[in-house]
Protein chains: 2
Amino acid sequence: MIEVEVKAHVTNFEDVKEKLTEIGAEKIGTEHQMDVYFNAPHRDFAQTDEALRIREIPENGGKRIILTYKGAKLDGVSKTRKEIEVDVSDSEKMASILGNIGFRAAANVEKDRVIYLFNDSLISLDQVKKVGSFVEIEKEAKEDEDFKDAVDEIFETYKKLGIEEGFERRSYLELMGVK
Amino acid sequence: MIEVEVKAHVTNFEDVKEKLTEIGAEKIGTEHQMDVYFNAPHRDFAQTDEALRIREIPENGGKRIILTYKGAKLDGVSKTRKEIEVDVSDSEKMASILGNIGFRAAANVEKDRVIYLFNDSLISLDQVKKVGSFVEIEKEAKEDEDFKDAVDEIFETYKKLGIEEGFERRSYLELMGVK
């Protein structure tokens, strides 16, 4: 799967929330996300622009745990990249497997995310610990699909939200100075 | 967790099944297991005696999928080693994540397993495709525990089953000539 994604830095969420209501976006959930990023023993993911992550999301008294691989960004304007995700049953054991095969935990990212659905895009309002406030808009594309239309659509949606600057291609890791 | 394990080649399961009934072992399940073993990009697991595996077990119309790391064997008589397991939601996506981070599928092992419980040991009768019939007995130990008593107990159980030879420390992969 290709994750077509653009991120923008904002100073506050109030104006964005008003616009989201105006355009009829539907609030579909809130998540507290705790991420651990791993680096590889045989190549530097900071150089290859890849990512391997274990994400924990507390929910319903338990938690959802997701292992995600992200490939290098595919264009010069968006954060579009290959993304593969599986749910796993135990984050400590998953981290231990990665550690044993040579991967080391490189950084943690923690954020509160409010998620809206608008047409077939997900719009996330991210309050990222130690980094700031961001609006992310993402759509899915198939691996053999041209994703340029999806990128254009995402920028159209940003316009509707009154966001025309502050676009940020660096990851939260890079913004934290880790990568 | 440490998996304390001994395996023995047998010519048939009939005598073993009789003995299992005699000693009061309880049959707790049957599984069809389809395993894919992966090798690492930065070290050869055949040399380091490690293993990374995705196992699929069809059950209840769906399937259980387990990612397992096994460390090098810890003694000279048994197959005792560190073992870490997590359930994952999708075997193709898990294989794709491993492929993207540089691991390659090296071999497949397929077997039918009948599992018995005796005291706190699991006794498995394994019919392994292209390899043969084996009885495996395993117990769990903690990482800081001396596992020698567990190994002795396992050999005692083999005696009760009438098995005093055919012990095999090579993995099914090695027996298939892959490793």
Side-chain angles (χ1 to χ4, degrees), chain A residues 1-3 35-57 59 62-74 81-106 140 142-144, chain B residues 1-3 35-57 59 62-74 81-106 140 142-144:
Chain A
M1 203 263 294
I2 301 292
E3 180 193 49
D35 300 342
V36 183
Y37 285 85
F38 289 80
N39 208 344
H42 58 301
R43 61 185 188 239
D44 182 2
F45 283 171
Q47 295 300 319
T48 59
D49 192 25
E50 298 168 275
L52 186 66
R53 176 183 75 197
I54 299 175
R55 168 168 290 175
E56 288 190 35
I57 306 169
E59 58 177 26
K63 57 186 172 185
R64 187 174 170 208
I65 303 155
I66 307 163
L67 176 70
T68 303
Y69 167 81
K70 294 188 183 217
K73 287 187 271 295
L74 296 175
R81 57 211 306 194
K82 185 197 276 190
E83 183 179 285
I84 314 163
E85 296 200 321
V86 287
D87 280 61
V88 300
S89 57
D90 190 299
S91 55
E92 277 180 37
K93 286 182 182 171
M94 188 65 240
S96 178
I97 289 175
L98 292 179
N100 274 282
I101 60 176
F103 288 67
R104 59 179 180 76
E140 287 185 9
K142 291 194 181 127
E143 303 236 348
D144 52 358
Chain B
M1 201 262 294
I2 301 292
E3 179 193 51
D35 300 343
V36 183
Y37 285 85
F38 290 80
N39 207 345
H42 58 301
R43 58 185 190 240
D44 182 1
F45 284 172
Q47 295 299 319
T48 59
D49 192 25
E50 298 167 274
L52 185 66
R53 176 183 75 195
I54 298 175
R55 168 168 290 175
E56 288 189 37
I57 307 168
E59 59 178 24
K63 58 186 173 185
R64 187 175 170 207
I65 304 156
I66 308 162
L67 176 71
T68 304
Y69 168 81
K70 295 188 182 215
K73 287 186 272 294
L74 297 175
R81 59 211 305 194
K82 184 198 278 190
E83 183 179 283
I84 314 165
E85 295 200 322
V86 288
D87 281 59
V88 299
S89 57
D90 190 301
S91 56
E92 277 180 36
K93 285 182 183 170
M94 189 65 240
S96 178
I97 290 175
L98 292 179
N100 274 282
I101 60 176
F103 289 67
R104 59 178 181 75
E140 287 185 12
K142 290 193 184 130
E143 302 235 348
D144 52 358

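Quick caveat, the model's predicted, so the values are computed rather than measured. Here is the naming used below: chain letters follow the sequence lines, and residue numbers restart at 1 for every chain.
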- Message: Quick check on I84(B) against chain A: is it the side chain, the backbone, both or neither that has a heavy atom closer than 4.5 Å?
- Response: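 Both backbone and side chain.
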
- Against chain B, label L52(A) side chain, backbone, both or neither, depending on which of its atoms sit under 4.5 Å from a heavy atom there.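 Interface part for L52(A): side chain.
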
- Task: Can you sort out the partners of V88(A) under side-chain contact (heavy atoms from CB on, under 4.5 Å), two or more places apart, ordered by chain and number?
- Result: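 With sequence neighbours excluded, V88(A) shows a side-chain contact (heavy atoms from CB on, under 4.5 Å) to I65(A), L67(A), V86(A), M94(A), V88(B), given in chain and number order.
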
Once you leave out hydrogens and angles, what donor-acceptor pairs under 3.5 Å do chain B and chain A share?
unit_1  : atom_1 : unit_2  : atom_2 : d
H42(B)  : NE2    : I101(A) : O      : 3.1
R43(B)  : NH2    : N100(A) : O      : 2.6
K82(B)  : NZ     : N100(A) : OD1    : 3.0
D87(B)  : N      : S89(A)  : OG     : 2.8
D87(B)  : O      : S89(A)  : N      : 2.9
S89(B)  : N      : D87(A)  : O      : 3.0
S89(B)  : OG     : D87(A)  : N      : 2.9
N100(B) : O      : R43(A)  : NH2    : 2.6
N100(B) : OD1    : K82(A)  : NZ     : 3.0
I101(B) : O      : H42(A)  : NE2    : 3.1

